[in-house]
**Q** 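Here's a structure for you.
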Amino acid sequence: MNKYKILTLSLLFDALGYVSLVFPPFDFIWAPLSAYLMTKLYKGREGKIAAIISFVEEALPFLDVVPTFSLMWLYTYVLKSSTVTNKA
């Protein structure tokens, strides 16, 4: 999957997280679903750690404003890529 398609999905999933600010019971569905989607978008150990963070962030009240998917995209495609380039 293209990294910009993943960015678009990440922004969409972060926006879905804001639904619970208006309709709090949405968290019961969204917290486990966001963790699952995180593991599908980002593979490996980093994806599993991000899934746990995403689940906790969505399950706890008032933490829904953290854009977990977008932050993971930045880590994967900007920060991690630049450290690999710098080491070479």
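Along the sequence shown, residues carry numbers from 1. Every heavy atom of this structure was used, including side-chain atoms; hydrogens, water molecules and symmetry mates were not. As the structure is a computational prediction, the values presented were derived from the model and not from experiment.
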**Q** Okay, side chain of Ser20, backbone of Gly17: is any donor-acceptor separation there less than 3.5 Å?
**A** yes
**Q** Once salt bridge (charged side-chain N to carboxylate O under 4.0 Å, His left out) is applied, what residue pairs with a partner in residues 34-52 remain, sequence neighbours excluded?
**A** Glu46-Lys80
**Q** Given a cutoff of under 4.5 Å between side-chain heavy atoms of I, L, V, M, F, W and Y, with clusters grown through shared members, what are the other residues clustered with Tyr18?
**A** Leu21, Val65
**Q** Just how far is it from atom CG of Asp14 to atom CG of Leu12, taken to the nearest 0.5 Å?
**A** 9.0 Å
**Q** Who else is in Ile52's hydrophobic cluster (ILVMFWY, side-chain heavy atoms under 4.5 Å, direct or via others)?
**A** none
**Q** Would Leu16 end up clustered with Met72 when hydrophobic side chains under 4.5 Å apart are linked, directly or stepwise?
**A** yes
**Q** According to a 4.5 Å side-chain heavy-atom criterion applied to Ile, Leu, Val, Met, Phe, Trp and Tyr, with indirect links allowed, do Val19 and Leu33 form part of one hydrophobic cluster?
**A** yes
**Q** Any salt bridge (charged side-chain N to carboxylate O under 4.0 Å, His left out) involving residues 57-70? Give me the pairs, sequence neighbours left out, ordered by first then second residue.
**A** none
**Q** Just list the side-chain donor-acceptor pairs under 3.5 Å for residues 3-11, sequence neighbours left out, or say none.
**A**
from	atom 1	to	atom 2	distance (Å)
Thr8	OG1	Tyr4	O	2.9
Ser10	OG	Ile6	O	2.8
Ser10	OG	Tyr42	OH	2.9

**Q** Using the test ring pair (Phe, Tyr, Trp, His ring centres under 6.0 Å), find all partners of Phe13 that sit at least two apart in sequence or belong to another chain.
**A** Phe69
**Q** In the single-linkage hydrophobic clustering (I, L, V, M, F, W, Y; side-chain heavy atoms under 4.5 Å), do Leu71 and Val56 co-cluster?
**A** no
**Q** Check Ala51 against Thr39 and note the closest heavy-atom contact, atom names and distance.
**A** CB-CG2, 3.4 Å
**Q** Could you check whether the rings of Trp73 and Tyr77 sit parallel, tilted or perpendicular, using 30° and 60° as the cut-offs?
**A** tilted
**Q** To the closest 0.5 Å, what do you measure between OH (Tyr75) and CD1 (Ile49)?
**A** 8.0 Å
**Q** Quick one about Thr68 and Ser54 (side-chain donor to acceptor, distance below 3.5 Å, no hydrogens or angles considered), yes or no?
**A** no
**Q** Can Met1 be reached from Val78 by stepping across I, L, V, M, F, W or Y side chains whose heavy atoms are under 4.5 Å apart?
**A** yes
